[in-house]
Each structure stands twice: as structure tokens, then as C-alpha cells.
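Reading through the C-alpha cells given below for one structure.
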Amino acid sequence: MRFISTTYGNYIHGSWVDSESGNLFASTNPANTEEVLGHFQDSTVSDTQKAIDAAESAFPSWSAQSAIHRADILYRLIPLLAEEKNRLATIITNEVGKTFIAAQKEVEASIQALKHFSGAANRLAGETVPANDPATFTYTVQEPLGAVGVITPFNFPLGIGIYKIAPAMLAGNTVVYKPPNDTALIAVELVKLFDRAGMPAGVLNMVTGAGEVVGKEMGGNHKLKAISFTGSTAVGMELGRAVHARGGKMQAEMGGKNATIILEDADLEAAIDGIILSGMFNNGQSCTGTSRVIVPKNMTQEVTERLVQKANSLRIGNGFEDVDNGAVANEKQLNTYLHFIESAKRDGAVIECGGRRLTDHGRDQGYFVAPTVISGVTSAMEVAQEEIFGPVVAVIEVDSFDEAIDVANDVRFGLSSAIYTKDLYKAHTFVRRIQTGVTHVNVPSNHYENQLPFGGKKNSSIGPREQGSTALDFWLETKAVYLRP
């Protein structure tokens with residue numbers, strides 16, 4: 001697809017409108033920063049308030065519709081995504097830098113999520129409860145919250161947008177959607193698809209612009225009854241404080257520093273493949289990807305050598321070529337990657353492979369980096385404690401199974417984890433003791449399925465889980481009813 005630089009508006013009450021600021025920002029291709037994909041509205045507080053007012057005004061009529069009627073929008077959206085799969089994947093690759101195959105898989109996962117959410121319409125039910133007085137009928141009903149806000153990240157721009165918007169509107173809420181500036185174009189396309197599926201005016205509104213302007217207003221505006229956010233822990237915590245201070249509901253999926261433990265009896269080939277898949281593919285830009293590899297001392301050398309061999313075999317280039325990884329998403333991600341490489345060196349760790357920006361073979365115009373394995377890492381090092389969000393795995397050696405779990409838990413995050421072992425007792429012990437919201441046994445740490453709840457512990461999450469049987473919980477409140485004829 002050849003991009004012609006176009007200017008795109010905000011989407012408010014069913015219309016595409018310009019920001020009152022008159023200012024724009026450009027979205028560029030991280031594989032070729034000279035390619036401008038489009039210009040978007042650098043919105044103001046007033047623009048954001050208009051979108052919030054539109055959502056609030058649309059709420060009474062939308063919430064009065066049956067859940068089955070609201071689910072029809074999602075049913076109609078599914079074939080539209082399927083028809084547009086390659087075009088949407090092309091946009092994702094151009095905006096995020098990931099490979100075209102990975103972008104296609106994101107569209108496919110979004111379709112699967114919509115199928116799951118569509119079926120959830122039948123679960124919007126309360127319960128009947130016996131009353132002390134037999135003449136009184138007591139029951140509960142579930143009701144939507146009102147106008148709500150959705151703030152999404154760049155790494156899975158289509159998927160996470162759908163993961164939040166679909167259950168919010170299915171529950172009967174109206175939505176103000178703020179995508180990241182890096183992926184504003186795929187957000188525009190998603191809104192257009194919802195419009196084609198028959199979404200009424202005002203039910204879904206989109207505002208682009210700086211997080212410290214648009215996101216801050218969304219967090220502080222009492223008209224938005226809830227905010228669902230995915231992004232960094234620092235921003236999520238700050239946003240959560242603002243939302244809770246005004247009595248709103250907050251859901252946040254934030255950072256991770258996910259560990260994979262390999263024990264002596266593990267299928268080592270499967271373990272190495274799982275670490276490479278979760279920690280290095282998609283340039284490590286998955287919140288559930290493996291960042292720390294914890295192994296017994298007698299296995300450290302072999303595990304490190306195997307990881308280096310696999311990492312060095314990965315092909316890095318433009319996502320439309322026959323490669324394993326494209327560019328990282330933006331300059332900030334590039335600089336974060338380079339920062340942690342230097343930090344590891346200063347702390348005495350060893351860069352076994354990678355650890356550099358790639359500028360040869362036509363890669364000098366983009367943000368390309370080498371998959372990196374670091375050995376000699378301890379829990380005290382910055383590279384073992386902070387989220388990198390890049391294709392970097394740190395190998396940490398331990399003396400025992402108990403120490404491995406202690407090291408895995410010795411971070412402020414608690415999103416995902418994995419263990420590779422054939423010992424059923426140790427597998428169950430790990431599941432019981434690991435402080436993460438998602439865990440895996442002989443399965444890569446980034447694996448997920450829509451029918452299971454998703455979320456973390458500690459500084460990785462705030463509020464109820466997303467997806468699975470709990471997908472609608474955050475977007476509803478329960479009313480108790482006492483009825484005497």
C-alpha cells in the first residue's frame with residue numbers, strides 16, 4: 001500500500017472534525033522515518049470535553065437498547081475485519097514496525113476477541129435471591145456506568161482497542177477513545193469500521209493528541225465514569241490516582257518484568273524456543289514477553305549459548321520482507337533499548353550478543369535493533385528490575401528451585417511468568433507461589449486466549465481483569481432490588 005499523506009480529524013458524535021487548536025502532528029513509519037503516514041489533530045482540553053459531552057448525550061438511548069441489539073454491532077464488525085485483514089495489517093506494519101505476518105495475526109486475534117465478546121451479550125444477567133419475607137421478591141440487575149474512557153498503547157493498536165471498546169459498548173456504555181499518536185492511523189480505520197457496522201453517533205468518539213492534554217482531561221473529568229488504560233506503569237499509576245480522586249472507576253494493564261524459569265528436567269529446546277518467541281519476536285514489545293531467564297548454575301552456560309545462537313539467527317529488516325523482526329515502534333523505544341544496554345554494561349553484566357542499533361543494509365532510516373542476550377545479571381541490576389520493552393533477555397543463575405521463585409518474585413511487577421519442567425509437584429508449587437496474574441507451565445509467557453481473564457498483580461494492574469468470563473465486570477455496576485407486589 002502506498003500512503004498519500006492525508007489529514008485526519010477527530011471523530012465526535014458521528015462526524016470527523018478538526019481540533020480548535022489548528023495544530024497537527026505527523027505519524028511516521030519507524031522502518032523509514034522519512035515516510036509520513038498521515039497528519040492528525042493535536043487536540044486540546046476543549047476538544048476532549050466535546051467528545052465527552054457527545055458520549056454523555058448518547059448514553060441514554062444507547063443504554064436503553066438490549067444487549068442483544070448492541071451485540072449486533074460486533075457481529076457485523078467481524079466480517080468487515082476479515083475482508084480488510086491485509087489492508088489493516090499493512091497499516092499496522094507501517095505504523096508499528098512489526099512484521100506483516102505478525103500484523104495479520106493481530107487482525108486475526110481481534111476477530112477471535114470479537115467472537116468472544118459477542119457471545120457475552122447473553123451473560124448480562126443478574127440473580128434472584130431468596131428474601132427473608134416470602135412476599136418480597138429480591139433480585140439484582142446489572143447496569144452500564146455511563147460515558148467511559150479508553151486509552152490504548154502502540155504495541156497491539158487494533159487488538160487492544162477492540163479488547164476495550166467492544167465490552168464497554170456491549171455493556172451499554174458510550175466511549176471516548178484516545179489512541180497513541182504512534183498508531184493514530186489504525187485507530188482512524190477502526191473507528192471507520194465501527195461506523196460501517198452501524199454504531200450510532202456519539203456511542204464511539206475518538207480524540208487524538210498528547211497524553212498530558214487529552215489523557216489528563218479524561219482522567220480528571222467527572223463525566224467519564226470509568227477509564228480503562230493500557231500502557232506504562234508510571235502513567236497508569238498517575239492516571240489511576242486522578243480517576244480515583246474524583247470517585248471514578250479505573251482499570252489499568254501496565255508494565256511487566258516477566259520471568260521464565262528453566263529447571264534441569266525441562267525440554268530445553270522447547271524452553272529456548274518459548275523464550276525467543278515471547279521475549280524477542282515482535283521486538284519484545286509485548287507486556288507478557290519474557291525479559292528474565294532464571295536457570296540453575298549448572299545450566300547457565302548451555303542456556304546462554306542456545307539463546308545466543310537463536311538470537312543471532314533472527315533476521316531483522318523491513319516488516320514486509322522475509323524477516324523475523326521489523327523496526328521498534330519509535331525513537332523513544334530505541335533510546336530505551338540503548339539505555340538499558342549501557343546500564344547493563346555499567347553494572348558488570350555481559351552483552352553476549354546484540355546490544356546495538358542496526359544501520360547497515362538500508363536500515364539506517366529506521367529504528368532497527370539487534371536481539372540481545374545478557375548474562376551475569378543479578379536482581380540488583382536495573383536491567384533485571386525495569387521494563388525494557390525491547391528484544392532483550394537477561395540470564396540470571398540461581399542455586400535452587402526455591403531461589404528461582406524468590407528471584408522471579410523480586411520485582412515490583414506481577415504480570416506474567418512461565419516455568420519449564422516435567423516435575424508436576426514443582427509445577428504446582430510454582431503456580432501457587434508465583435506472584436503474577438497470568439502464568440504458564442511449558443508454555444511461552446506471552447501466550448493468551450480470549451476466554452481466560454487477563455491481568456496482573458502488584459504494579460502491573462489496577463482494577464478488574466480484562467477478557468474471559470470477567471470481560472464485562474469492569475463496565476457494569478450491580479443494582480439490588482426489593483419488590484413487594
Which heavy atom of [X] sits nearest to which heavy atom of [Y], and what is that distance?
X    : Y    : value
P144 : L476 : N-CD2, 4.0 Å
I261 : I405 : CD1-N, 4.1 Å
W475 : V148 : CZ3-CG2, 3.5 Å

Return yes when atom [atom1] of [X] has more than 12 non-hydrogen atoms of other residues, nucleotides or ligands closer than 6.0 Å, and no otherwise.
X    : atom1 : answer
Q301 : CD    : no
K216 : NZ    : no
Q309 : CD    : no
I101 : CD1   : no

Identify whether the distance between the nearest side-chain nitrogen and carboxylate oxygen of [X] and [Y] falls below 4.0 Å.
X    : Y    : result
E342 : K345 : yes
D267 : K422 : no
E269 : K310 : no
E143 : K479 : yes
R87  : E84  : yes
E477 : K249 : no
K164 : E466 : yes
R433 : D406 : yes

To the nearest 0.5 Å, atom CG of N459 lies from atom CE of M254 at 6.0 Å

Ring-face cation of K426 near F401 (centre distance under 6.0 Å, axis angle within 45°):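 Yes, K426 sits over the ring of F401.
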
Can a donor-acceptor pair be found, under 3.5 Å and without considering hydrogens, that links the side chain of [X] to the backbone of [Y]?
X    : Y    : result
Q285 : N155 : no
S400 : E403 : yes
R70  : A121 : no
S27  : L37  : no
T99  : N325 : no

Any donor-acceptor N or O pair under 3.5 Å, side chains Q467, N450: yes

Checklist entry - Is a side-chain donor-acceptor pair under 3.5 Å present for T439 with S417? => result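 A pair is found: one side chain offers a donor N or O, the other an acceptor, under 3.5 Å apart.
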
Before you tell me yes or no, could you show the steps for E387 and R412 under salt bridge (Lys or Arg N to Asp or Glu O under 4.0 Å), namely the whole-Å CA-CA distance, both residues' side-chain angles and the distance that decides it to 0.1 Å? CA-CA 10 Å; E387 185 176 46; R412 61 192 175 100; over 6 Å; no

Side chain to side chain contact (heavy atoms under 4.5 Å, CB included) with P153: of T183, D182, T230, only one passes, and it is T230

